[in-house]
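Starting from 1, each residue takes its place in the sequence as its number.
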Amino acid sequence: MKTIRNMKDLEKALQPVMIGMVDELSERVYQTLNYFLKEYYNSYDPKSYSRQYDFLRSAVKVEPKIKGSKVTASVFIDTDYMDNYYNATGYQVASWANQGLHGACQGRVHRTG
């Protein structure tokens with residue numbers, strides 16, 4: 001059993017618990033993001049191009065890190081990973097998806113829902 005004498009001791013004792021909690025929460029966010037990426041892909045069947053699936057595989061989860069007295073983790077879409085789109089950046093593709101659009105195809109933008 002550990003003796004907690006001050007706030008620094010308490011902080012040190014709680015770090016493993018906090019890392020575990022942050023890791024669990026970031027995993028849930030990561031799984032949710034992947035679910036929505038799959039739903040986005042399933043909502044549209046392109047007729048004029050072959051998918052590369054870069055956007056589908058663009059979700060990233062960064063393991064928890066201790067920064068001072070805080071534990072942080074990140075979950076995001078890596079728009080730099082999506083570098084093979086014709087006439088669009090990865091950021092544009094992610095922005096279109098956020099608006100419910102499916103890219104620009106032959107000058108038309110496809111909207112879902």
[X] [atom1] to [Y] [atom2] distance, which is reported to the nearest 0.5 Å:
X	Y	atom1	atom2	answer
Asp78	Ser58	CG	OG	7.0 Å
Lys65	Thr72	NZ	OG1	7.0 Å
Asn34	Ile77	CG	CD1	9.0 Å
Leu101	Gln92	CG	CD	12.0 Å

Minimum heavy-atom separation for Val22 and Ala73, please, with both atom names.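 For Val22 and Ala73, the tightest heavy-atom pair comes out as CG1-CB, 3.6 Å.
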
Where do Met82 and Ala94 come nearest, in terms of heavy atoms and distance? CE-CB, 4.3 Å

Aromatic plane relationship, Phe55 with Tyr40 - under 30° parallel, 30 to 60° tilted, over 60° perpendicular: perpendicular

Between [X] (side chain) and [Y] (backbone), is there a donor-acceptor pair under 3.5 Å?
X	Y	answer
Asn42	Lys38	yes
Glu24	Met21	no
Tyr91	Asp80	no

Check the hydrophobic clustering (I, L, V, M, F, W, Y; side-chain heavy atoms under 4.5 Å; chains of links allowed) and say if [X] and [Y] are grouped together.
X	Y	value
Tyr41	Tyr30	yes
Leu25	Ile19	no
Tyr53	Leu37	yes
Leu56	Tyr35	no

Note: Asp23-Lys61 ion pair, threshold 4.0 Å (strictly below):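 Salt bridge flag = yes for Lys61 with Asp23.
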
If you draw a 6.0 Å radius around CZ in Arg57, do more than 12 non-hydrogen atoms from other residues or ligands fall strictly inside? yes

For atom CZ of Phe76, decide whether the heavy atoms of other residues, nucleotides or ligands shown that lie under 6.0 angstrom number more than 12. yes

Stepwise, does the side-chain contact (heavy atoms from CB on, under 4.5 Å) test hold for Ile66 with Met18? CA-CA 9 Å; Ile66 299 168; Met18 295 300 294; over 6 Å; no

Taking the side chain as everything from C-beta on, heavy atoms only, tell me whether Asp9 gets closer than 4.5 Å to Lys12.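 No - every pair of side-chain heavy atoms lies 4.5 Å or more apart.
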
Would you say Leu33 and Val75 make side-chain contact, with heavy atoms under 4.5 Å? yes

Any side-chain donor-acceptor pair under 3.5 Å between Glu11 and Gln15? no

